[in-house]
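Small disclaimer: the values here were computed from a predicted structure and weren't measured. Per chain, numbering begins at 1; letters A, B, ... match sequence-line order.
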Amino acid sequence: MKRKFKPSTIYLAIVFVILYAPIFYLMYYSFNSGGKMYAFESFTWEWYGELLSDTRLLIIVLNTIIIALLSAAISTIIGTLGAIAVWYIRKNKMKNLLLSLNNILIVSPDVVIGASFLILFTFIGIQLGFFSVLLAHIAFSVPIVVIMVLPKLQEMSPSLIAAAKDLGANRYHVLTKVILPYITPGIFAGFFMALTYSLDDFAVTFFVTGNGFTTLSVEIYSMARQGVSLTINALSTILFLFTILLVIGYYFISKRTNANGRMFGLGARK
Amino acid sequence: MVKDRNWYLVPYVVFIVLFVVLPIVLIVYYSFFDIHGDFTFENYIKFFTPVYLKMALSSFWYAFLITAFSLLIAYPTAYFLTKLKYKQLWLLLIIVPSWINLLLKAYAFIGIFGTYGFANAMLETFGIGRQQLLFTDFSFIFVSVYIFIPFMILPIYNALDKLNPSLVDASKDLGASNWTTFSHVIFPLTLDGVKSGCQVVFIPALSLFMLTRLIAGNRVITLGTAVEQHFLVTQNWGMGSTIAVFLIIIMVFIMVISGSRKRGIKL
């Protein structure tokens, strides 16, 4: 086959290798009994054992998951209502204003979001900790949910709602029997996106987490600043496998909504 | 429809006011106070001193380099991807690394670029010898580009994927060389993707701070590092807010020139 040696194939292969190399590098050394990220000595499960016996770290993992699920659920509700609200607005000016404000939170650098939320929470008097992190995660997820749900609403034919109303449906029924079922794939995609953004977030959390509370990203950061510890490698192997599971789930959801391109990568929010 | 009050707006508008408008107002407000809580223009005056201007300029320069290298690598990747048979699947595989926690990837590079890491081992086999790789500009830019590549590939891929192939055929039929076709047909038609890719990379690249700490060992100080420093270390919120205000202004400026008001949604 001539195709094998095409320069484009080689180029892509190099890009793929570079993209995955660091991840596999981490995973490979998580089995190193030598305790360093070089000079592989012999295979060991030691670091996984250490990871599992580290109750503090496990609590942090649990915290991270709770924050992610809660913030994704709440922001999905607010975001869906927001999308419906924006969609209902007739005046273009108002619509554009709201969407621009919505987009500010998507394109803002994390540092700015983190800093401004830190000021906000101190200003309102919310203590830094679980609650402030949760609020911050809800805040940066809502705009993402709105962006995911809105296209679904826009592709819905207005005659569907007119028909429902003609047939005597009240507002509540229009919402629950017509609108919501139609936009369910968008809502799921939004929820999923919010979940991954929350799990992934470092910078915003770093600003608004007080002393007592940490999420995984923040913990990894402080561990990594102290140097190499193969427990992090063990953790990253587990997280990678978990991510693969998420990706598979995401793949099926996106297949159902037929909107691959739109759903990936809203921004480099980290 | 007049009677149909848009009640859905209530929670959303409350949200927007509370988490978008109020934080911006507060950050602008705080930028006028010094560390003792007195009203002052000092912060803005300080921002225009050489120390901060140099930092802003070097931040821009790094962000520019990161964006340029990302684009240089991402465009051919996206282009070749669209030619593949199972392109959606391959695209997904490109995206997967971007879902791995950023800090874990940065941490991986601490190992790879370390004194005895993989990169140095390679250099040694090629006879170049060990180099100090970690805590250099090179490692900072390399890792940043690594992290941003998927975000650059996506919008370009989407733009290329939407490109009508008959336009390319027409150009070739009319006798244009491959290069002419690319520079006069393909590239201009995918400029939107390139623009949103650059926007998605440039703005975060200006404000990266965990990478400057972990990979560049505080050698590189970006505007983001300065904001973090002022807020969390020196507790000088006023100065931090001032820099944040500038970041917001730069962001708005970039959004306007890359015309994302219409397209921002689709990114």
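Under a 3.5 Å cut-off, the side chain of A:Thr64 and the backbone N or O of A:Leu216 do form a donor-acceptor pair. When atom types are taken as modelled, the side chain of B:Trp90 and the backbone of B:Leu81 share no donor-acceptor pair closer than 3.5 angstrom. Although no hydrogens or angles enter the test, the distance criterion places no donor-acceptor pair under 3.5 Å between the side chain of A:Asp110 and the main chain of B:Pro204. Judged purely by atom type and a 3.5 angstrom limit, A:Tyr25 uses its side chain to pair as donor or acceptor with the backbone of A:Met37.
For the pair A:Arg171 and A:Tyr88, the distance from NZ or CZ to the six-membered ring centre is under 6.0 Å and the angle to the ring normal is within 45 degrees.
Top candidate by heavy-atom pairs under 4.5 Å with chain B, chosen from A:Ile23, A:Ile244, A:Ile124, A:Leu199, is A:Ile23. Contact count against chain A (heavy-atom pairs under 4.5 Å) is highest for B:Leu232 among B:Leu232, B:Val10, B:Val227. In terms of non-hydrogen atom pairs under 4.5 Å with chain B, the most contact-rich of A:Val228, A:Ile232, A:Val112, A:Thr243 is A:Ile232. The residue among A:Ile18, A:Leu19, A:Val15 with the most heavy atom pairs within less than 4.5 Å of chain B is A:Leu19. Ranked by non-hydrogen atom pairs under 4.5 Å with chain B, the options A:Leu12, A:Ile78, A:Ile84 are led by A:Leu12. Chain A forms more heavy-atom pairs under 4.5 Å with one residue of B:Pro11, B:Ala121, B:Ala108, B:Gly224 than with any other, namely B:Ala108.
B:Leu91 places none of its side-chain heavy atoms less than 4.5 Å from the side chain of B:Lys87. Proximity of B:Arg213 to B:Gln229: side-chain heavy atoms (C-beta onward) are separated by under 4.5 Å at one or more points. Residues B:Asn101 and B:Lys105 form no side-chain contact, since every pair of their non-hydrogen atoms from C-beta on lies 4.5 Å or further apart. Side chains of A:Thr80 and A:Leu180 form a contact here, defined as non-hydrogen atoms less than 4.5 Å apart.
Proximity to chain B (any heavy atom under 4.5 Å) is shown, for A:Phe207, by both the backbone and the side chain. Heavy atoms closer than 4.5 Å to chain B are found in the side chain of A:Phe121, but not in its backbone. Within the 4.5 angstrom heavy-atom criterion, atoms from both the backbone and the side chain of B:Ile94 approach chain A. Looking at A:Ile220, the atoms closer than 4.5 Å to chain B (heavy atoms on both sides) all sit in the side chain, from C-beta outward. In this structure, chain B has heavy atoms under 4.5 Å from both the backbone and the side chain of A:Leu81. Residue A:Phe123 touches chain B through its side chain alone, counting heavy-atom pairs closer than 4.5 Å. Contact of B:Phe118 with chain A is made through backbone and side chain together, with heavy-atom distances under 4.5 Å. A:Tyr29 does not touch chain B: none of its heavy atoms, backbone or side chain, sits under 4.5 Å away. Contact annotation for A:Ser75: neither backbone nor side-chain heavy atoms come within less than 4.5 Å of a heavy atom of chain B. Of the two parts of A:Tyr11, only the side chain, counted from C-beta on, holds a non-hydrogen atom closer than 4.5 Å to a non-hydrogen atom of chain B. Using a 4.5 Å cut-off between heavy atoms, B:Leu104 touches chain A through backbone and side chain atoms alike. Both the backbone and the side chain of A:Leu98 come within contact range of chain B, with heavy atoms under 4.5 Å apart. At a 4.5 Å heavy-atom cutoff, the contact between B:Ile73 and chain A is made by backbone and side-chain atoms alike. Only the side chain of B:Leu214 has a heavy atom closer than 4.5 Å to any heavy atom of chain A. Within the 4.5 angstrom heavy-atom criterion, only side-chain atoms of A:Thr196, from C-beta onward, approach chain B. Both the backbone and the side chain of B:Tyr146 come within less than 4.5 Å of a heavy atom of chain A. For B:Tyr107, the parts lying near chain A are the backbone and the side chain together; criterion is any non-hydrogen pair under 4.5 Å. Heavy-atom distances place both the backbone and the side chain of A:Ile89 under 4.5 Å from chain B. Both the backbone and the side chain of B:Leu93 come within contact range of chain A, each with at least one heavy atom under 4.5 Å from a heavy atom of that chain. Of the two parts of B:Thr225, neither the backbone nor the side chain holds a non-hydrogen atom closer than 4.5 Å to a non-hydrogen atom of chain A. Contacts between B:Ile243 and chain A at a heavy-atom distance below 4.5 Å are absent for every atom of the residue. The part of B:Tyr30 that comes within reach of chain A is its side chain, from C-beta onward, which places non-hydrogen atoms under 4.5 angstrom from that chain.
Considering all non-hydrogen atoms of both residues, B:Ser196 and B:Pro155 come closest at OG-CB, 3.6 Å. The heavy-atom pair separating B:Asn43 from B:Phe33 by the smallest distance is ND2-O, 3.0 Å. Here the closest non-hydrogen pair linking B:Leu71 and B:Cys198 is CD2-SG, 4.4 Å. The shortest non-hydrogen separation linking B:Ala106 to B:Ile215 is O-CD1, 3.4 Å. Minimum heavy-atom separation, B:Gly197 to B:Met152: C-SD, 3.4 Å.
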(request) Test A:Phe117 against A:Phe140 for ring pair (Phe, Tyr, Trp, His ring centres under 6.0 Å), laying out the working first. (result) CA-CA 10 Å; A:Phe117 283 177; A:Phe140 69 63; 7.9 Å; no
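Between the side chains of A:Ser229 and A:Thr231, at least one donor-acceptor pair of N or O atoms lies under 3.5 Å.
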